[in-house]
Amino acid sequence: MAAEVLAGIDTVWVVITGAMVFLMEGGFALLEAGLVRQKNAVSVMMKVFTDSTFGVLAFWAVGFALMFGRDVGGFIGASQFFLLGGNPPDLHIHIGAFWLFHVAFSIAAASIISGAVAERIKFQGYLLFTIVLIAFLYPIQGHWVWATNGWLARMGFLDFAGGAVVHAFGGWSALAAALVLGPRIGRFDGTRNFAPHSWPLALTGAFLLWFGWFGFNAGGTMAAGDPRIGLITANTMLAAAAGGAISIVYSLIGRKGKADPGLTVNGALAGLVAITPACAYVTFTSAVIMGVVGGFLTSWAAGFIESKMVDDPVGAVAVHGVNGLWGTMAVGLFATQGGLFYGGGAHLLGVQVLGVAVISAWGLVTTGLVLSIIKAAGLLRPSKKAEEAGMDLSMHNVAAYSDNQDQEAGASRINVVPKQP
Amino acid sequence: MAAEVLAGIDTVWVVITGAMVFLMEGGFALLEAGLVRQKNAVSVMMKVFTDSTFGVLAFWAVGFALMFGRDVGGFIGASQFFLLGGNPPDLHIHIGAFWLFHVAFSIAAASIISGAVAERIKFQGYLLFTIVLIAFLYPIQGHWVWATNGWLARMGFLDFAGGAVVHAFGGWSALAAALVLGPRIGRFDGTRNFAPHSWPLALTGAFLLWFGWFGFNAGGTMAAGDPRIGLITANTMLAAAAGGAISIVYSLIGRKGKADPGLTVNGALAGLVAITPACAYVTFTSAVIMGVVGGFLTSWAAGFIESKMVDDPVGAVAVHGVNGLWGTMAVGLFATQGGLFYGGGAHLLGVQVLGVAVISAWGLVTTGLVLSIIKAAGLLRPSKKAEEAGMDLSMHNVAAYSDNQDQEAGASRINVVPKQP
Amino acid sequence: MAAEVLAGIDTVWVVITGAMVFLMEGGFALLEAGLVRQKNAVSVMMKVFTDSTFGVLAFWAVGFALMFGRDVGGFIGASQFFLLGGNPPDLHIHIGAFWLFHVAFSIAAASIISGAVAERIKFQGYLLFTIVLIAFLYPIQGHWVWATNGWLARMGFLDFAGGAVVHAFGGWSALAAALVLGPRIGRFDGTRNFAPHSWPLALTGAFLLWFGWFGFNAGGTMAAGDPRIGLITANTMLAAAAGGAISIVYSLIGRKGKADPGLTVNGALAGLVAITPACAYVTFTSAVIMGVVGGFLTSWAAGFIESKMVDDPVGAVAVHGVNGLWGTMAVGLFATQGGLFYGGGAHLLGVQVLGVAVISAWGLVTTGLVLSIIKAAGLLRPSKKAEEAGMDLSMHNVAAYSDNQDQEAGASRINVVPKQP
């Protein structure tokens, strides 16, 4: 009995945490929609829907197989395409539960990037990119780290919950995307109003992300009886709080006593990203320190990236790229087993630096390449006129909001519900 | 020890999934509020609160007893009124947990209908209807399927998580409601602006529904150790993704390359509804196929229903009615045990067609009857003037939004909204 | 094996319910943001972020130690500062999980108060207060009730899930805060428009709170196998439904047939608060009665408090203070073990009255004192000009919403994204 019951309980744990990770899509959608201009609010939410539909199918058909299928040389997996072939031999829970958890991770990676390309990408181009990302780019590097025989896994690289695989990969892909796309019209000439169109939506999104993150970090144990779950979830809370707190201090000091909501949110998210690779390996105190550093780095990096005239509307690079890098390296410093500060020497630190550097470079280069091809095909950037009109109207033929004033005869009816085809 | 511990774990599983199903009320509220006009946004959310208050009490006092009380002739239950009398003998978890899960189901059925009657029903009429629905109409047909001795259960009818009991029943009740109420003023003469007043709210609602659906479909196992939970949840995700994806394709093709958010959301929900009755019985691949068919059917049906000048503001019939029907019948095709495509012959298919037809007809007829009586009593449709003013003002004396401009003496207090760019 | 596995399962239960309690912060943020004026919407959400960042760190460093550290005379704890020192000897789950659950409780208490001080408090003053509240005021009284040797615990005082410790304490602290701060400019002279700026946000917040409350009430079992979990969660649902239903009736009768969304939401929350201390001790029927009384008391109290010209923008005192008091006393009436109505005599009732009175007084006096000191230091109330401009602009330099109209050259740019420091 025991083994079956335990497998059942573990399945339930993975399924619940997987659902929590999926809810982060709602968090991303709200955060990104709130931070962009009103005329693009629907289009960023539709990107998250694209991840959650085509992205999910891509991970079902191909991505999962490349990530967790039978290993080929430590570099790629190659079985269980379309989830056919049943449970892999070394998986103690049902493949459906395991897949659910990991498909939610894969679309989280995509949703990081969708923020960086907001307000200026063709829907069809984004759709194509997402499919390639989730079918190929994400799972291949994921295999290196999380498949038993992945080359980084064999070197002893530690990434407990995806600080490198999801956040560094996603964050540096986001930088490539921002560079290939270029800035939004008028972003750096001071004539336009890029104020977030709805702070309440953005701040609500942050709470959904934070909630889901408990599942994101703890579900990876794949076992309800894992004795580290208490440590993991408390570390997650502490790093988020520390990242948010330091960012409030940073903005109070730097902005004449005004606490900035954008820095606050991104600081808390920075803490969450920073602790993600390390959550099971470090002490409570280290989690606070990692969060403080993460919040500070993000607040600083957001300004730095803007000063270089790179247009990242939601701060995806500063939050996910920078802290995926920081957190993964910090494992080499703070891990109670093998970390430099705990007498483990520099070996683990070296492996961590190598691993996260390779993964970041992989994201940067492959995303840059794929988007450049899409650009060459004319599917990337909409016309100037379409961009000025807003993606909601030009890509989706809707407006985010309507006050439902009735039209006078003959007036244009752009807000009316589109007719069925 | 073992049995007690297992019962405890099962209770926890049912309670957590029950809470997730309850959160779907928030999803319905947001989805419906976002899709209606601004002047009716509060009123649709108040309907969901009505379900969650009076509806819950109705299921406590009467509904649960009729659904799960001591069987009378396979047609109705008749004990445990007001949850008195303790645990039924064959229930291995605490009656409170079992009730919580099922009360959340009962109000989900009501919330399907609340969308179809949006913008044009008196609050008192809706209140009355909800009580009758949850006390009598819903639980009676639920007894047929989910009570051990229910007449459909005894025939071998399969509805794992409520594709017939909740969605077909709710969806076809919604059609009756739309027919008895008639269309909103100006709905089919082209002079009014019925644009969804807030796509961000509507899309957020879809994510809450999707999240809760993992609990909706998997919690019905009533056992944390049920080996099907991995299959169920992965199938849920796959069908939703497939339904959403095909709807994006459908709208890209039918609307000159514009991906429609309404079709996308309803397509994903269609996939979720379609897999609901089948989630534990079919393969991953079948889940994708069922989702694709569901998404297509919904996209097509929404246009068809509109062309017949039936006014269903949120697409409740196209999503829940059509796919409750489709998914329940599809069990007879795709079930690996007994399905036509798996060598099971036509017997199961016949039972499925019969069962879902009876349940749909039950919803259509009883709801039509009850609402006709309420109509005859003058409690159904508000005056033309009240409808033009909007339900928020005429039923609840509030406006959904206020910009809080201070009043000049004597100025009207209709609240303003930000203009579109 | 058994003990370890059970500890693991209990940890998972506490962690999941703890995450649900944390999501209530999102609920508080939405509810409070929706109910205030547009110009203060961001500032109330930032208060909740303050609780979730500085508040969390305060509970890590000090609060947890005072609440659950080694007992000193039944009055205070004094070990495990900064979560150092490992698991306390009598804690069967990991200290991280236990801390996570309780830190979420501590910030819930703070978020009750943040509603009462909305629209008229300096950010720095609130920040200071929150730190003192969560580091000292909340945990000290929490020790009395929930530490094994707390003086109220030893007297047999029963507060299952925080009706006294969180809600009465928070609610009466909120009254002190409202009194020390005084009313918003123009609140009682009838010239201003204090309409909730967004009912959809407020109502959504209520659903998140309601969802999280299942974790709030049931997680305190600290054991997945606790046989009371079914009872607890069903009671939670029943009391919420009853409180909301009676409030709908109350407003239909008192307001000429118009069902008021504010009374409805606060009635449902009142039911939730009322059942919180009692959820594991009373029958289903008692839960309904307690909810009905709670909903009625809140609807009445909200009017009474307003008539006394005490300005509590979200009804924190009427919901949490009044029902924390009512529910905790009602344990002495309805508890099946020891309650007056169940033949237990007046002893338990006496203890309950004493305990909740002391805790309410503690909240009222200590919060009044601390805020008076902050006031004397000039950190409490912003200038009249700053208040008229709104806290969002004067404290955070943002506007909640922007329609993103582009600026004319030279025009003021209040909506523009603030520059990096």
Side-chain angles (χ1 to χ4, degrees), chain B residues 1 4-5 7-9 11-12 15-16 18-19 22-23 25-26 29-30 33-34 41-42 45-46 49-50 52-57 60 82-84 93-100 103 123-124 127 198 201 392 395-407 413 415 418-421, chain C residues 2 6 9 13 16 20 37-39 186 191-200 203-204 206-208 210-211 214-215 218 223-227 229-235 237-238 240-245 248 252 255 257-262 264-265 267-268 284-285 288 401 403-405:
Chain B
M1 180 202 82
E4 258 173 59
V5 170
I9 294 167
T11 297
V12 160
V15 161
I16 292 173
F22 176 72
L23 189 59
E25 293 301 300
L30 279 168
V42 174
M45 298 185 91
M46 281 296 286
F49 268 96
T50 306
S52 304
T53 54
F54 287 94
V56 167
L57 295 179
W60 162 66
F82 296 95
L83 284 178
L84 298 173
I93 59 171
H94 190 281
I95 190 174
F98 185 70
W99 176 82
L100 179 72
V103 76
F123 180 74
Q124 279 89 336
L127 181 53
S198 174
L201 292 188
D392 291 3
M395 296 294 145
H396 305 291
N397 202 30
V398 297
Y401 304 100
S402 170
D403 64 0
N404 300 112
Q405 296 301 317
D406 296 327
Q407 273 81 42
R413 289 190 62 195
N415 291 308
K419 284 227 173 79
Q420 290 296 317
Chain C
L6 288 181
I9 294 167
W13 168 241
I16 292 172
M20 289 169 73
R37 288 171 293 176
Q38 191 170 301
K39 63 184 176 183
T191 61
R192 307 295 177 99
N193 179 351
F194 287 94
H197 99 278
S198 175
W199 277 113
L203 297 173
T204 302
F207 278 113
L208 285 187
W210 195 330
F211 168 73
F214 292 111
D226 192 304
I229 288 172
L231 177 69
I232 290 168
T233 49
N235 277 349
M237 189 69 151
L238 285 168
I248 289 175
L252 284 174
R255 300 190 180 177
K258 314 255 176 174
D260 182 66
T264 305
V265 164
F284 299 131
T285 309
V288 172
Y401 304 101
D403 63 1
N404 300 114
Q405 297 301 319

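Labels below follow one simple rule: chain letters A, B, ... track the order of the sequence lines, proteins then strands, and each chain is numbered from 1. Side chains are part of it too, since the values below use all heavy atoms of this structure and drop only hydrogens, waters and symmetry mates.
Side-chain contact between B:Thr50 and B:Phe123: present, with at least one pair of heavy atoms (C-beta onward) separated by less than 4.5 Å.
Per-residue heavy-atom pair counts under 4.5 Å with chain B were compared for C:Pro200, C:Ser198, C:Gly267, and the maximum is reached by C:Pro200. For chain C, the option among B:Ile9, B:Leu83, B:Leu84 with the highest count of heavy-atom pairs below 4.5 Å is B:Leu83. Most heavy-atom pairs under 4.5 Å with chain B: of the set C:Pro261, C:Gly244, C:Gly186, this distinction falls to C:Pro261. If you tally non-hydrogen atom pairs under 4.5 Å between each of C:Gly257, C:Ala240, C:Ala268 and chain B, the highest count goes to C:Gly257. Put simply, of B:Val15, B:Val42, B:Thr11, the one with the most heavy-atom pairs under 4.5 Å next to chain C is B:Val15. The residue among C:Gly243, C:Ala223, C:Ala234 with the most heavy atom pairs within less than 4.5 Å of chain B is C:Ala234. Of the residues considered (C:Leu238, C:Ile229, C:Asp260), C:Leu238 shows the highest number of contacts with chain B, using heavy-atom pairs under 4.5 Å.
Every residue two or more places apart in sequence or in another chain was checked for a ring-ring contact (aromatic ring centres under 6.0 Å, His included) with C:Phe211, and none qualifies. By the ring-ring contact (aromatic ring centres under 6.0 Å, His included) test, B:His94 pairs with no residue at all, sequence neighbours left out.
C:Thr204 touches chain B through backbone and side chain together, each having a heavy atom under 4.5 Å away. In this structure, chain B has a heavy atom under 4.5 Å from the backbone of C:Pro227, while its side chain stays farther away. For chain C, the nearby part of B:Ala29 is the side chain; its heavy atoms alone come within less than 4.5 Å. Only the side chain of C:Ile248 comes within less than 4.5 Å of a heavy atom in chain B; its backbone stays farther off. In this structure, no portion of B:Ile93 lies under 4.5 Å from any heavy atom of chain C. Interface residue C:Leu252: only side-chain heavy atoms are found under 4.5 Å from chain B.
A centroid separation of less than 6.0 Å is found between the aromatic rings of B:Trp60 and B:Phe82. For C:Trp210 and B:Phe22, the ring centers are positioned less than 6.0 Å apart.
In this structure, C:Ala242 and C:Val288 approach most closely via the heavy-atom pair CB-O, 3.4 Å.
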Q: Any chance you could lay out the side chain to side chain contact (heavy atoms under 4.5 Å, CB included) test for C:Trp13 and C:Asp226, step after step, and finish with the verdict?
A: CA-CA 11 Å; C:Trp13 168 241; C:Asp226 192 304; over 6 Å; no
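Panel note: side chain B:Asp392, backbone B:Ala41; a donor-acceptor pair is recorded below 3.5 Å. Judged by distance alone, with hydrogens and angles left aside, the side-chain atoms of B:Asn404 form a donor-acceptor pair with the main-chain N or O of C:Asn193 at under 3.5 Å.
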